[in-house]
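A note on names: the letters A, B, ... follow the listed sequences, proteins ahead of strands, and every chain is numbered from 1.
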Amino acid sequence: MKYDSLLNKYPLPKTLKEEIKQELEKLNVNKTAAKKIIERCYEMYLKNLMEPGEAAGIIAAQSMGEPGTQMTMRTFHYAGVAEIDVTLGLPRLIEILDVRKNPSTPMMTIRLTEEYAKDREKAREIANKIEATYILDIADVATDIRHMRIVINLDEKALERKQIKVEDVKKKIEKGLKTEVVEEDGKLIIQISEPSFKKLMDTFDKLKNIVLVGIKEIRRVIVRKENDEYVLYTEGSNLKKIMRVKGIDFARTTTNNIYEIYEVLGIEAARNAIIKEAISTLEEQGLEVDARHIMLVADVMTADGELKQIGRHGVAGEKHSILARAAFEMTVNNLLDAAIKGDVDLLRGITENIIVGQPIKLGTGDVELIARLGGRR
Amino acid sequence: MKMKLQDHMLVPKHEVLNKEEAEELLRSLGVKKEQLPKIKATDPIAKEIGAKVGDIVKITRESLTAGKSVAYRLVI
């Protein structure tokens, strides 16, 4: 307590302050000694700050690039959380930095409100509600060519397990196919109006793709117990629709699809998601990269208010300098386009100056000396 | 009950600065408005807090290294 007022005079980060406070409390020193200690800590802190003109981006690139070379290309065979396959390692890192709109293995972690989280049955209920269910999951479907009709033989056990009523199935199919469905001793029958085999098969295909219950993108749901609450893991992701489902604790529900987070929760949430996903990908491979490097990358990717990938269509492709762009990818195209348009390169950046062999504006090269002539004043 | 996107654990605290605060900030940082990072006016959170084009949004992040860090974005 008594050290707070002393510490608050220094512009130290919160975590550092807390650490110093803890140490001081352990030592239980008086005010003057504490002041000296804090003073020294602050000095050390200033010494360890980044120098102006330091090549932060290059250091970040190297710090992430070197461990990246050690990552295996292995993607699957490695069950992620609860039997759901998740892309891992280098492919996943590339996916994050490329801001893929459709990552190869989207996945959601859904947490439930208190009422549902404690009870397995209730958790299962929500799982049933969001999991996409097709007709083939709950019934045998046969085509009857002689009578030009499709016969749906509903599996009652499956219906009960999924808690779906026959009425609802009928309605959904009628809506999806825009035809009438007749119920006949426990079977649903769709009569095809024209005597055309093609029409029959088309209707059959359409029928297979109707989502009877749930959200189309959510292909599979797994219920798992985690620290005395039930959590749902899903294969496939649709944050926008999931957040409207009753019983879901939206504030603690996330997806690994960063673009979706950007669309639903905005740029700052996307920044956090990039950092979290990148760190967990690296950590999972046993690589330790300082969070600061990843934070810098995430900052660059989100600086303009929209998600930009690191690469040709994003950060690197938007550089002003022609030479810098040409040095990255598609050298000939870039140079040719610039030549046709008669562009001028002002040689202000780093890459351009290295290409032409000039000192770069970084570190000590960032300083310019101006001599004042005319003797002493 | 309408839920707030800002309650989500991934979303840090966003606030719109008033005119005096904005001017004070730009003076203390020694930068022009345009040099700040941007946030779109169509951003879901910007919409929720009612930020308009030209406003400056103060974002208080939970930083991994510093515990708490403050960032600013210009609404475009």
Side-chain angles (χ1 to χ4, degrees), chain A residues 11-19 45 48-49 109 111 113 239-240 243-246 248-256 258 260-279 289-296 298-308, chain B residues 1-17 22 24-25 27-76:
Chain A
L12 291 166
K14 196 178 140 203
T15 41
L16 249 178
K17 272 185 192 170
E18 264 157 30
E19 215 174 299
Y45 170 72
N48 281 296
L49 279 183
T109 309
R111 283 172 214 280
T113 52
L239 192 59
K240 215 175 207 163
M243 68 192 235
R244 298 214 183 91
V245 177
K246 205 183 146 238
I248 277 167
D249 186 358
F250 172 64
R252 295 187 299 142
T253 293
T254 55
T255 165
N256 70 355
I258 292 166
E260 227 175 70
I261 291 180
Y262 165 61
E263 280 180 325
V264 179
L265 296 171
I267 194 76
E268 277 293 320
R271 194 193 93 104
N272 275 335
I274 293 170
I275 295 170
K276 238 176 74 181
E277 287 289 324
I279 288 177
V289 177
D290 196 286
R292 276 161 263 244
H293 301 309
I294 296 160
M295 278 154 72
L296 180 69
D299 275 337
V300 171
M301 286 168 75
T302 57
D304 283 351
E306 61 181 353
L307 269 186
K308 264 194 310 186
Chain B
M1 185 194 81
K2 198 169 178 330
M3 75 192 146
K4 277 162 70 185
L5 294 173
Q6 274 195 87
D7 293 339
H8 197 279
M9 61 177 183
L10 283 172
V11 181
K13 191 174 163 202
H14 289 58
E15 294 162 287
V16 181
L17 293 187
E24 174 60 36
L25 170 81
R27 202 170 25 227
S28 69
L29 291 178
V31 294
K32 278 186 233 123
K33 244 185 187 179
E34 291 71 30
Q35 289 172 295
L36 292 171
K38 315 288 189 298
I39 184 168
K40 286 192 168 174
T42 51
D43 190 275
I45 306 296
K47 270 194 212 158
E48 201 172 270
I49 59 168
K52 288 180 197 67
V53 175
D55 285 348
I56 293 174
V57 177
K58 178 184 176 184
I59 296 150
T60 315
R61 296 169 178 160
E62 299 277 332
S63 165
L64 282 168
T65 48
K68 205 171 100 182
S69 74
V70 180
Y72 300 91
R73 281 181 190 269
L74 173 72
V75 183
I76 53 164

For this session: Considering non-hydrogen atoms only, spot the tightest contact between A/A269 and B/V11 and give its length.
Result: CB-CG2, 3.8 Å

Problem set entry | Selection from B/S69, B/G67, B/P44 maximising heavy-atom pairs under 4.5 Å formed with chain A | B/P44

Seminar exercise, completed: CZ of A/R252 to CG of B/D7, rounded to nearest 0.5 Å, is 13.0 Å

Exercise. Are the side chains of B/P12 and A/N272 in touch, meaning some heavy atoms are under 4.5 Å apart?
Worked result: yes

Seminar exercise, completed: Here the gap from B/E62 atom CD to A/K14 atom NZ, rounded to the nearest 0.5 Å, amounts to 6.0 Å

Problem set entry | Sequence neighbours excluded - salt bridge (charged side-chain N to carboxylate O under 4.0 Å, His left out) pairs with any residue from residues 33-47 of chain B | A/E306-B/K40

Exercise. Checking B/S63 against chain A: side chain, backbone, both or neither under 4.5 Å from a heavy atom?
Worked result: side chain

Exercise. What are the two closest heavy atoms between B/R61 and A/D299, and how far apart are they?
Worked result: NH1-OD1, 3.9 Å

Problem set entry | Separation between CD1 of A/I267 and NE2 of B/H14, rounded to the nearest 0.5 Å | 9.0 Å

For this session: Would you mind reporting whether B/H8 and A/V264 have side-chain heavy atoms less than 4.5 Å apart?
Result: no

Exercise. With only heavy atoms counted, which part of A/I279 is less than 4.5 Å from chain B, the side chain, the backbone, both or neither?
Worked result: side chain

Exercise. Just wondering, are more than 12 heavy atoms of other shown residues or ligands nearer than 6.0 Å to CD in A/E19?
Worked result: no

Problem set entry | A/L16, part contacting chain B, at a heavy-atom distance under 4.5 Å | neither

Problem set entry | Non-neighbouring partners of A/D290 that pass salt bridge (charged side-chain N to carboxylate O under 4.0 Å, His left out), sequence neighbours left out | A/R292

Problem set entry | Under 4.5 Å from a heavy atom of chain B, the part of A/E18 involved | neither

Exercise. Which bit of B/I59 comes within less than 4.5 Å of chain A, counting heavy atoms only: side chain, backbone, both or neither?
Worked result: side chain

Problem set entry | Spatial distance of atom NZ (A/K276) from atom CE (B/M9) [nearest 0.5 Å] | 4.5 Å

Exercise. Contact part of A/D249 toward chain B, heavy-atom cut-off under 4.5 Å: side chain, backbone, both or neither?
Worked result: neither

Seminar exercise, completed: Here the gap from A/I274 atom CD1 to B/L10 atom CG, rounded to the nearest 0.5 Å, amounts to 11.0 Å

Seminar exercise, completed: If you tally heavy-atom pairs under 4.5 Å between each of B/A66, B/P37, B/A46 and chain A, the highest tally belongs to B/A66

Problem set entry | Test applied, salt bridge (Lys or Arg N to Asp or Glu O under 4.0 Å); reference residue, A/E268; option that passes from B/K58, B/R73, B/K13 | B/R73

